[in-house]
Amino acid sequence: MTQRMVVIGGDAAGMSAASQARQLRGPDELSIVAFERGRFTSYSACGIPYWISGLVDDPQELIVRDPETFRRDHHIDVRIRHEVTRIDLAAREVVATSFGDGGREVREPFDTLVYATGAAPAQPPWAGNAASGVFGVQTLDDGAALRDWLDQEPVPRRAVVVGGGYIGVEMAEALIRRGLAVTLVERSPQPMSTVDPDMGALVRSALVGLGIDVRTGVSVTGLHERDGRVCEVLTDAGAVPADVVVLGLGVRPNTGLAEQAGLPIGVTGGVRTDLQMRVVGVPDVWAAGDCVETFHRVSGQPVHIPLGTHANKQGRVAGINIGGSYATFPGVIGTAITKVCDLEVARTGLLEREAAKAGYAYVSATVESNNRAGYFPGAAPMTIKLIAEQHTGQLLGGQIVGTSEAAKRIDVLSVAVWNRMSVAEMTALDLGYAPPYSPVWDPVLVAARRANNAVAETP
Ligand SMILES: Cc1cc2nc3c(=O)[nH]c(=O)nc-3n(C[C@H](O)[C@H](O)[C@H](O)COP(=O)(O)OP(=O)(O)OC[C@H]3O[C@@H](n4cnc5c(N)ncnc54)[C@H](O)[C@@H]3O)c2cc1C
């Protein structure tokens with residue numbers, strides 16, 4: 001008999017699961033229905049800032065596979081503009097509302113369910129009934145609304161980005177590239193609280209150098225509108241004029257439906273799964289992506305780290321298992337990378353505060369070194385910070401701020417963290433060298449040596 005698989009959420013995690021399951025089991029064995037409340041499937045939210053800036057022209061370029069391709073080539077029945085409103089575990093069916101049909105209710109039975117609803121953006125009370133001109137950038141539909149606004153007359157001139165995390169700084173770049181005057185408002189003392197404050201300070205001075213008005217330690221208290229359009233962002237340090245406001249205040253796992261259905265929720269607010277991405281204690285229900293809790297391989301703690309790289313892998317793992325094969329998701333180490341104009345920022349493993357919270361005694365070492373041989377055109381400095389466990393010297397984490405191919409060096413650090421290398425071992429790594437690519441002592445090696453000295457000096 002044909003088994004019925006239903007997927008809630010038609011992006012990275014949900015469609016990876018659907019595609020993998022389809023590769024392993026044909027339409028005669030497994031029927032797949034995927035509900036997506038938006039208009040797009042398998043799109044790159046990560047590309048939204050570059051579409052807004054104009055670097056990417058056409059939103060179609062951000063769509064890996066559209067609903068029609070899924071239907072035609074993969075026999076996956078994708079139903080866009082359908083919002084699942086209830087999961088009935090006892091009846092083994094989901095209930096969805098079809099936006100296209102004047103709100104018609106649809107019931108879909110399942111043998112296997114994949115919960116992949118992503119994350120929901122933080123919505124402070126003042127953003128609840130926002131005037132026009134205020135945008136989130138969580139989905140491609142959000143991006144489309146912002147692009148339309150920026151293209152319309154009168155042309156907005158002053159932008160305020162609320163939130164200085166990686167989405168906030170990427171959006172600041174996008175708006176600068178469009179010629180707007182940009183103010184970035186961030187509650188913390190430094191932007192990019194995903195790196196240590198000393199590294200965040202480097203990001204801040206680079207943002208200021210780009211002409212961005214960075215206001216840190218400032219909380220937004222409300223919005224002021226005129227004729228239905230936003231005109232000011234009100235903060236505890238005064239009002240900031242704005243023609244357009246972009247919210248990048250972080251996200252939380254989107255678990256409303258899961259909670260209603262009684263799926264287990266972890267301490268970070270994400271759905272709890274086992275290593276195969278099966279929802280803990282609920283037969284035939286799987287979850288993946290930004291809506292789940294995962295675990296950190298270095299701290300050993302549960303974490304919620306909403307990134308596309310994890311969503312794709314977790315969805316794939318779920319799909320392989322649903323398809324009858326075997327795979328596990330091995331956890332994360334917090335690797336992330338971004339850029340704002342020429343400035344590149346990356347991290348992996350634990351920050352200082354995270355290492356302390358996990359109970360590690362650690363040392364840290366920061367070096368400045370060049371991306372290329374000093375005499376080679378384009379040589380530019382970068383800062384690398386390493387955090388290592390005292391006594392053992394195990395690399396716990398690394399951060400990089402710099403320009404010109406600085407940040408991708410994080411992958412070397414990431415492999416070292418993943419494999420529990422010590423900074424002493426790292427000093428001898430056989431890394432590539434030629435003048436256009438690095439100095440003879442690559443910055444990673446210089447940083448490892450400095451960290452190793454710091455470990456040796458600990459009593
Ligand atoms: C601006 C931006 C930039 C980013 N940049 C990066 C980056 O550079 N690198 C990186 O690794 N990650 C990045 N991310 C994060 C990455 O996009 C997400 O981690 C990834 O999209 C998560 O995939 P997902 O499938 O779990 O969730 P989502 O992509 O959020 O997909 C969930 C889908 O479920 C749908 N849905 C939710 N509830 C329902 C319902 N009840 N019924 C039907 N459909 C529903 C939603 O409409 C959505 O399409 C970025 C995100 C944003 C917003």
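We count ligands from 1, going down the list as the structure has it; atoms in each ligand are counted the same way. The model shown is predicted, which means the values in this text are computed figures rather than measured ones. Numbering starts at 1 and runs along the sequence shown. The analysis underlying the following values was restricted to heavy atoms, covering all of them including side chains, and did not include hydrogens, waters or symmetry mates.
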Quick look: F40 vs ligand 1, heavy-atom contacts under 4.0 Å, and the answer is neither
The closest protein heavy-atom partner of atom 44 (N) of ligand 1 is R37 N, 3.1 Å
The answer for which part of A116 has a heavy atom under 4.0 Å from ligand 1 is backbone
* Kindly determine whether I400 and V345 satisfy side-chain contact (heavy atoms from CB on, under 4.5 Å), including the steps that lead there. => CA-CA 6 Å; I400 303 176; V345 186; over 6 Å; no
Check the surroundings of atom CZ in R372: do more than 12 heavy atoms from other residues, nucleotides or ligands lie under 6.0 Å from it? yes
Problem set entry | Test item: R22 side-chain N/O and H75 main-chain N/O as donor-acceptor pair under 3.5 Å | yes
(Q) With a 4.0 Å cut-off on N to O distance, would you call K357 and E354 a salt bridge? (A) no
Note: H82, heavy atoms under 4.0 Å from ligand 1, region reported as backbone
Going by atom type alone, with no hydrogens or angles, which donor-acceptor pairs under 3.5 Å involve a side-chain atom of residues 264-272 and a protein atom two or more places apart or on another chain?
unit_1	atom_1	unit_2	atom_2	d
T268	OG1	E293	OE1	2.6

Here the atoms of ligand 1 under 4.0 Å from any heavy atom belonging to Q138 are 53 (C)
Check: Which class fits the ring pair Y43 and F40: parallel under 30°, tilted 30 to 60°, perpendicular over 60°?
Finding: perpendicular
When distances are taken from atom 37 (C) of ligand 1, the protein heavy atom at minimum range is T117 O, 3.3 Å
Heavy-atom contact under 4.0 Å between L257 and ligand 1? yes
Residues K385 and D196 bridged, charged N to O under 4.0 Å = yes
So the atoms of ligand 1 within less than 4.0 Å of a heavy atom of G289 turn out to be 26 (O)
key: Donor-acceptor under 3.5 Å (E36 side chain, G38 main chain)   = yes
Among V137, T97, T309, the residue with a heavy atom nearest to atom 53 (C) of ligand 1 is V137
Looking only at protein heavy atoms, what sits closest to atom 50 (C) of ligand 1 is Y166 OH, 3.4 Å
task: Say whether, by atom type as modelled, one donor and one acceptor occur between the side chain of D142 and the main chain of Q138 under 3.5 angstrom.
output: yes
Closest to atom 26 (O) of ligand 1 among protein heavy atoms sits D290 N, 2.8 Å
For N254, the atoms of ligand 1 under 4.0 Å from one of its heavy atoms are 37 (C), 38 (N)
Going by the 4.0 angstrom heavy-atom rule, the piece of P306 near ligand 1 is backbone
Taking D88 for the side chain and V94 for the main chain, is one N or O donor matched with an acceptor at less than 3.5 Å?
no
Could you walk me through whether R86 and E93 pass the salt bridge (charged side-chain N to carboxylate O under 4.0 Å, His left out) check? CA-CA 9 Å; R86 196 154 58 84; E93 66 176 19; 5.5 Å; no
| Any sub-3.5 Å donor-acceptor pair from E225's side-chain atoms to V230's backbone N or O? | no
If you scan protein heavy atoms around atom 29 (O) of ligand 1, the nearest is D11 OD2, 2.4 Å
The atoms of ligand 1 lying under 4.0 Å from a heavy atom of A12, numbered in the order shown, are 23 (O), 25 (O)
Checking the N or O distance criterion of under 3.5 Å, is ligand 1 in contact with V84? yes
So is there a nitrogen or oxygen of I8 less than 3.5 Å from a nitrogen or oxygen in ligand 1?
no
Quick look: I167 vs ligand 1, heavy-atom contacts under 4.0 Å, and the answer is side chain
Atoms of ligand 1 under 4.0 Å from any heavy atom of Y43, numbered from 1 in the order shown, are 48 (C), 49 (O)
closest protein heavy atom to atom 10 (C) of ligand 1 is G308 N, 3.4 Å
Of all protein heavy atoms, the one nearest atom 2 (C) of ligand 1 is A45 O, 3.4 Å
protein heavy-atom neighbour closest to atom 35 (C) of ligand 1 works out as E36 OE1, 3.2 Å
Could you tell me how the ring of H82 sits relative to the ring of F35: parallel (under 30°), tilted (30 to 60°) or perpendicular (over 60°)?
tilted
